[in-house]
Amino acid sequence: MTTKIIIADDNADIREIVSVLLSSEGYRVVAVPDGKAALEHMEEDIDLVILDVMMPDMDGYQVCRKIRQISNVPILFLTAKGFDADKTLGFSFGADDYLAKPFSYNELTARVKALLRRYQIYKGKAQDHHPTPSLSCEGLTLDPAQKQVLIDEKRVDLTDTECAILQLLMTNRGQLFSAAMIYEKVWDEPYFYSANNTVMVHIRNLRKKIEQDPDHPRYIHTVWGRGYRFD
């Protein structure tokens, strides 16, 4: 099946550029001018959503939050707001990645392919004759194939990125991972300094979902100045 991507941006030129670039890669692109239209096109066959932050009536953050109420599809912010504080805010609403304008063709396609690859793996869309077995620890169970997490038998929904981070840490229980190691393994891209904040925000969001007391975590522990580990 053809991969289907929504691009929501009130700038017609940006919509056209992104549509042409991604269509040339074989993706089916649905280009819409605002957040409301993006939500109207949200269906089960959507594989990726690209959102501009500054849109009229409903900004990208609001759209992201509403999408997260119904779907774990990967979300990429494509925006002129490229400061670390803006990225942190975007991640806190459930975004998976952030690409600042202006962007290059190679940069956009690399981010899109990385997000889709993780989505196919952790959503279970890719055919896998040897699925990864479930992982369990003290009331927490992760089924990587179904991207399902249970905390004391209660289901918790994770984004693809959160699931990938949790699987990495649980598979290597007790092993210390620096932010750089987590970024390179989960995002499948070379680490850069500001990515440390990206990892930190995703870890914080993950703790809010799986920890009874995120300030005193039971599962994911921080070793200050060194990284994170699952105990």
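Counting only heavy atoms from C-beta outward, the side chains of V112 and L22 approach each other to under 4.5 Å. By the 4.5 Å heavy-atom criterion applied to side chains, V73 and M42 are counted as neighbours.
Distance check: E162 CD to K208 NZ gives 10.5 Å after rounding to the nearest 0.5 Å. In this structure, the separation between NZ on K113 and OH on Y27 is 5.5 Å, given to the nearest 0.5 Å. Between the CG atom of L166 and the OG1 atom of T171 there is a distance of 8.5 Å, given to the nearest 0.5 Å. Going from atom CG of L115 over to atom CD1 of I5 covers 9.5 Å, rounded to the nearest 0.5 Å. Here CG of D97 is found 10.5 Å from CG of L78. Values are rounded to the nearest 0.5 Å. The CG atom of L158 sits 11.0 Å away from the NE2 atom of H202 when rounded to the nearest 0.5 Å.
Annotation for G94 and T159: closest pair O-CG2, 4.1 Å, computed over non-hydrogen atoms. Listed here is the closest heavy atom pair of L76 and L99: CD1-N, 4.0 Å. Residue F93 comes nearest to R65 through the heavy atom pair CE2-NH1, 3.6 Å, listed as atom of the first residue, atom of the second, then distance. Across P74 and L48, no two heavy atoms sit closer than the pair O-CD1, 3.3 Å. Looking at every heavy atom in both residues, L142 comes nearest to C163 through CD1-SG, 3.9 Å. The two residues I7 and S19 make their nearest non-hydrogen contact at CG2-OG, 4.0 Å.
Residues that satisfy the ring-ring contact (aromatic ring centres under 6.0 Å, His included) test with Y183, not counting sequence neighbours, are W187, F192. Looking at residues two or more places apart in sequence or on another chain, you find no ring-ring contact (aromatic ring centres under 6.0 Å, His included) involving F177. Annotation: side chain to side chain donor-acceptor pair (under 3.5 Å) contacts of T141 (sequence neighbours excluded): S136. For the ring-ring contact (aromatic ring centres under 6.0 Å, His included) test, no residue two or more places apart in sequence or in another chain qualifies with Y228. For the side-chain contact (heavy atoms from CB on, under 4.5 Å) test, residues two or more places apart in sequence or in another chain that qualify with S23 are V29.
The main-chain N or O of R229 is never found under 3.5 Å from a side-chain atom of R173 such that the two would form a donor-acceptor pair. The backbone N or O of I75 lies less than 3.5 Å from a partner atom in the side chain of D96, making a donor-acceptor pair. Counting only distance, with no hydrogens or angles, the side chain of T109 and the backbone of N106 share a donor-acceptor pair below 3.5 Å. Counting only distance, with no hydrogens or angles, the side chain of R218 and the backbone of E138 share a donor-acceptor pair below 3.5 Å. Side-chain atoms of R28 do not come within 3.5 Å of backbone N or O of T2 as any donor-acceptor pair. At distances below 3.5 Å, at least one donor-acceptor pair connects side-chain atoms of R207 with backbone N or O atoms of I220. Q62 places a side-chain N or O within donor-acceptor distance of the main-chain N or O of D59, the cut-off being under 3.5 Å.
Under a cut-off of 6.0 angstrom, the local environment of NZ in K209 is crowded, with over 12 non-hydrogen atoms contributed by other residues, nucleotides or ligands. Residue D57 places its CG atom among 12 or fewer non-hydrogen atoms of other residues, nucleotides or ligands, all under 6.0 Å distant. Heavy atoms from other residues, nucleotides or ligands lying under 6.0 Å from NZ of K36 number 12 at most. In the displayed structure, Q212 atom CD is contacted under 6.0 Å by at most 12 heavy atoms of other residues, nucleotides or ligands.
Residue pairs meeting the salt bridge (Lys or Arg N to Asp or Glu O under 4.0 Å) criterion with at least one member in residues 5-23, sequence neighbours excluded: D9-K101.
By the rule that hydrophobic residues join a cluster once side-chain heavy atoms approach within less than 4.5 Å of another member, Y98 and M54 end up as members of one cluster. By the rule that hydrophobic residues join a cluster once side-chain heavy atoms approach within less than 4.5 Å of another member, L176 and M200 end up as members of separate clusters. L116 and Y105 end up in the same hydrophobic cluster when Ile, Leu, Val, Met, Phe, Trp and Tyr side chains are linked at under 4.5 Å. No path of Ile, Leu, Val, Met, Phe, Trp and Tyr side chains, each step under 4.5 Å between heavy atoms, connects V20 with I17, placing them in separate hydrophobic clusters. In the hydrophobic cluster analysis, where Ile, Leu, Val, Met, Phe, Trp and Tyr join through side-chain heavy atoms closer than 4.5 angstrom, V223 is grouped apart from M181.
Between the side chains of D47 and T3, no donor N or O sits under 3.5 Å from an acceptor N or O.
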Check: Can C64 and L51 be said to form a side-chain contact (heavy atoms from CB on, under 4.5 Å), step by step?
Finding: CA-CA 8 Å; C64 182; L51 296 174; 4.2 Å; yes
Check: Is there a side-chain contact (heavy atoms from CB on, under 4.5 Å) between L39 and M58 once you walk through the steps?
Finding: CA-CA 11 Å; L39 292 173; M58 184 183 297; 3.7 Å; yes
Item checked: Worked check of side-chain contact (heavy atoms from CB on, under 4.5 Å) between I210 and L140 -> CA-CA 8 Å; I210 69 171; L140 186 156; 3.9 Å; yes
Check: For I14 and D52, what are the C-alpha separation, side-chain angles and deciding distance, and is it a side-chain contact (heavy atoms from CB on, under 4.5 Å)?
Finding: CA-CA 10 Å; I14 293 295; D52 181 34; over 6 Å; no
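Classified by interplanar angle (parallel below 30°, tilted 30° to 60°, perpendicular above 60°), the ring pair F230/Y219 is parallel.
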